[in-house]
Amino acid sequence: ECCLSLFHKEILHHLQNIVDFGKHVMKQFFGENYVHHGEIIQLPLDFVRQLCLKIQPERPESRCDKDMDTLSGYAMCLPNLTRLQTYRFVEHRPILCIEIKPKCGFIPFSSRVSQEIKHKVCRYCMHQHLKVANGKWKRPSKYCPLDLFSGNKQRMHFALKSLLQEAQNNLKIFKNGELIYGCKDDQDCVSDWNELACHLKPFFFPSNGLVSGPHCTRTIVKELIHVITMTLLSSTDACRAGDMKTVPISQGRSYCEASAFNKELVRNGKHKLESSGLPRDCLLYKTLQAQMLDMLDIEGLYPLYSRVEQYLEEFPEERSTLQIDGPYNEAFYEKLLDLSTEDDGTVAFALTKVQQYRIAMTAKDCSIMIALSPCLQDECSEQRPVVLTSKSRFTFSVSVLDLDLKPYESIPHQYKLDGKIVNYYLKNVQAKDDPVMSNLFKENEDCTLVLHKV
Ligand SMILES: O=P(O)(O)O[C@@H]1[C@@H](OP(=O)(O)O)[C@H](OP(=O)(O)O)[C@H](O)[C@H](OP(=O)(O)O)[C@H]1OP(=O)(O)O
Ligand SMILES: Nc1ncnc2c1ncn2[C@@H]1O[C@H](COP(=O)(O)OP(=O)(O)OP(=O)(O)O)[C@@H](O)[C@H]1O
């Protein structure tokens, strides 16, 4: 009984940490209205067990190494983010929801980066090749996060169109809370634009004035991309960390050499990629700022992580004073605001960078939920944000999902994965694009030989 109550306490503590992290940290970075920290509730064990059985067949296979907790009876209660979040009451009108997992939207600017390619090609685009080689996805995606985060409408349209072509785990569309587009599990990706257009037609062309066929499908998809772009660029909230400037965006490269959009421009003889920049109050901007708390890149961070590790080996009891696993309170948040990159050799400096990196990792893996509901002109009051399309208008809300702080322990994994992604790219992709490099690789099976700077 004693063990059981200890277990209950630990679960409760863990859940409390998740709630506090949303409340005291992520709300400050993203803004009050974008973050829903949820609350802890207790459920009858019988209900939890039945729920577990019911959802098990629906879960993607690759996620099934994680078990649902059916013993404590504690659970996190979150609002259904596929619905509008502007009002507390549930609205019973038709609703569309677009979920986007945008991933990392900047190229590392840190001088600790050892491979030049990391300053040219973004992690997502490099990772695509490894994922296809490993069989995670059948085809590579043309989506590049730098296009989505550029704030340039043309580039954003291209990014969203690419997501609609290969949704992978980066895009899902729900109608009235039900998944109508995207990957249900690892194998089953629905990407039938005609079917999608049938679902969307009543939303975008309510009076049915459009004939069907490929032209109609293209028009509807265009309208969808337009509303997503507009809502992503909208400013619906301000936040405390709003004035915090992690790094001027101009410091890093604003485009990725591997982006299909960029390659197309180069092919057409245009070399200058425009990045219009994001409005400061939009969720994409805030996500990017939080991601940029990774200022040293994993290569610069890893030695600092080792410094903290070494200290903890000597003084394990200090783990709680250092607030490695919480509590995520005001004091924790305040420490994150120190953006200096001047290493004074202390554990305190290393720890701040480690914690900032964990926030950045979280922001690189979160999802954006856009809920849209059609409204008539006279219904749209001034408090509600509205987006217009050619034949309809929508009220909308934008939220962010999956803001659990990434564990301290995952840093060594990040370090190894980074090496794998870059080496795979250099050996199998870049080398093939470059005949000189390609021949070098043929001669030298061990790629590390050629990777060192000459
Ligand atoms: O490292 P990445 O970029 O592959 O991100 C992982 C995600 O893969 P992705 O590249 O988005 O397909 C991965 O997504 P999937 O489960 O593959 O859909 C997870 O989100 C993983 O987070 P966690 O370890 O479950 O907390 C993510 O791991 P973290 O790096 O966020 O720990
Ligand atoms: N509050 C919510 N409202 C609507 N949909 C949600 C909500 N939370 C999660 N989802 C949906 O469920 C998916 C999985 O969510 P999430 O990644 O948070 O689950 P998880 O608990 O991490 O799952 P796992 O058991 O695989 O770790 C999301 O991508 C989203 O589509």
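Atoms within a ligand are numbered from 1 in the order they appear, just like the ligands themselves.
Using a cut-off of 4.0 Å between Lys/Arg side-chain N and Asp/Glu carboxylate O, Lys353 and Asp343 are scored as not salt-bridged. Salt bridge annotation for Lys286-Glu32: absent, with no cationic side-chain nitrogen under 4.0 angstrom from a carboxylate oxygen. Taking a cutoff of 4.0 Å between a charged side-chain nitrogen and a carboxylate oxygen, Arg112 and Glu299 do not qualify as a salt bridge. A salt bridge links Arg253 with Glu257; the closest basic N to acidic carboxylate O contact falls under 4.0 Å. The residues Arg358 and Asp294 are annotated as not salt-bridged, no charged nitrogen and carboxylate oxygen being separated by less than 4.0 angstrom.
For Phe394 and Phe204, the gap between ring centers is short of 6.0 Å. Aromatic rings from Tyr333 and Tyr328 are positioned such that their centres are separated by 6.0 Å or more. The distance between the ring centers of Tyr143 and Phe158 does not fall below 6.0 angstrom.
Of the N or O atoms in Phe174, none lie within a sub-3.5 Å distance of an N or O in ligand 2. Taking any N or O of Leu401, backbone or side chain, none lies under 3.5 Å from an N or O belonging to ligand 2. Polar contact with ligand 2: present for Lys172 (N/O pair, distance under 3.5 Å). For ligand 1, the polar-atom distance check finds an N/O of Asp365 within less than 3.5 Å of one of the ligand's N/O atoms.
Close contacts of ligand 2 with Arg59, meaning ligand atoms under 4.0 Å from a residue heavy atom, involve 24 (P), 25 (O), 26 (O). Distances below 4.0 Å separate heavy atoms of Lys131 from the following atoms of ligand 1: 9 (P), 10 (O), 12 (O). Of all atoms in ligand 2, listed by their number and element, those nearer than 4.0 Å to a heavy atom of Asn80 are 3 (N), 4 (C). Which parts of ligand 1 touch Arg63 is read off a 4.0 Å heavy-atom cut-off, strictly below it: atoms 15 (P), 16 (O), 19 (C), 25 (O). Remark: ligand 1 atoms within the under-4.0 Å shell around heavy atoms of Gln414 are 1 (O), 29 (P), 30 (O), 32 (O). Taking every heavy atom of Lys406 and a limit of under 4.0 angstrom, the matching atoms of ligand 1 come to 22 (O), 23 (P), 26 (O), 29 (P), 31 (O), 32 (O). Residue Leu78 approaches ligand 2 through these ligand atoms, each under 4.0 Å from one of its heavy atoms: 1 (N). Interface atoms of ligand 2 facing Lys66, defined by a heavy-atom separation under 4.0 Å, are 27 (O).
Residue nearest to atom 26 (O) of ligand 2, selected from His36, Arg63, Lys101: Arg63 (by heavy-atom distance).
The protein heavy atom nearest to atom 3 (N) of ligand 2 is Leu81 N, 2.8 Å. In terms of protein heavy atoms, atom 31 (O) of ligand 2 is closest to Glu99 OE1, 2.5 Å. For atom 15 (P) of ligand 1, the nearest protein heavy atom (residue, atom name, distance) is Asn169 ND2, 3.6 Å. Summary of contacts: the protein heavy atom closest to atom 8 (O) of ligand 1 is Lys136 NZ, 3.7 Å. Regarding atom 4 (O) of ligand 1, its nearest protein heavy-atom neighbour is His127 CE1, 3.1 Å. Regarding atom 1 (N) of ligand 2, its nearest protein heavy-atom neighbour is Pro79 O, 2.9 Å. Nearest non-hydrogen protein atom to atom 5 (N) of ligand 2 is Met369 CE, 3.8 Å. Considering only non-hydrogen protein atoms, atom 14 (O) of ligand 1 sits nearest to Lys101 NZ, 3.2 Å.
When non-hydrogen atoms are compared, ligand 1 lies under 4.0 Å from the side chain of Lys66 (C-beta onward) but not from its backbone. Contacts between Gln168 and ligand 1, counted as non-hydrogen atom pairs separated by less than 4.0 Å, are absent for every part of the residue. Heavy atoms of Asp402 found under 4.0 angstrom from ligand 2 belong exclusively to the side chain. With a heavy-atom cut-off of 4.0 Å, His413 does not touch ligand 1 at all. Contacts between Arg123 and ligand 1 below 4.0 angstrom, taking non-hydrogen atoms only, involve the side chain exclusively. Of all the heavy atoms of Leu417, the ones lying under 4.0 Å from any atom of ligand 1 belong exclusively to the side chain.
Side-chain atoms of Arg93 never come within 3.5 Å of backbone atoms of Cys375 as a donor-acceptor pair (strictly under, hydrogens ignored). The backbone N or O of Ser72 lies less than 3.5 Å from a partner atom in the side chain of Asp69, making a donor-acceptor pair. Put simply, the side chain of Thr389 gets close to the backbone of Ser392: a donor and an acceptor are under 3.5 Å apart. The backbone N or O of Tyr424 sits less than 3.5 Å from a side-chain atom of Asn428, completing a donor-acceptor pair.
Atom 14 (C) of ligand 2 is never approached by the protein to below 4.0 angstrom, counting heavy atoms only. Atom 8 (N) of ligand 2 is approached by the protein to below 4.0 angstrom, counting heavy atoms only. In this structure, atom 18 (O) of ligand 2 has protein heavy atoms in its sub-4.0 angstrom surroundings.
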- Query: Between Phe29 and Thr287, does a side chain to side chain contact (heavy atoms under 4.5 Å, CB included) hold up when you go through it step by step?
  - Reply: CA-CA 8 Å; Phe29 283 110; Thr287 310; over 6 Å; no

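The 12-atom threshold is exceeded at NE2 of His129, counting heavy atoms of other residues, nucleotides or ligands nearer than 6.0 Å. Few gaps surround NZ on Lys175; more than 12 heavy atoms of other groups in view lie less than 6.0 Å from it.
The closest approach between Lys103 and ligand 1 falls below 4.0 Å for a heavy atom of the residue.
A donor-acceptor contact closer than 3.5 angstrom is absent between the side chains of Thr231 and Ser234.
Scanning both residues, Val121 and Cys256, for their nearest heavy atoms gives CA-SG, 3.9 Å.
For Arg307 and Tyr311, the positive end is not near the middle of the six-membered ring at less than 6.0 Å and at most 45° from its axis.
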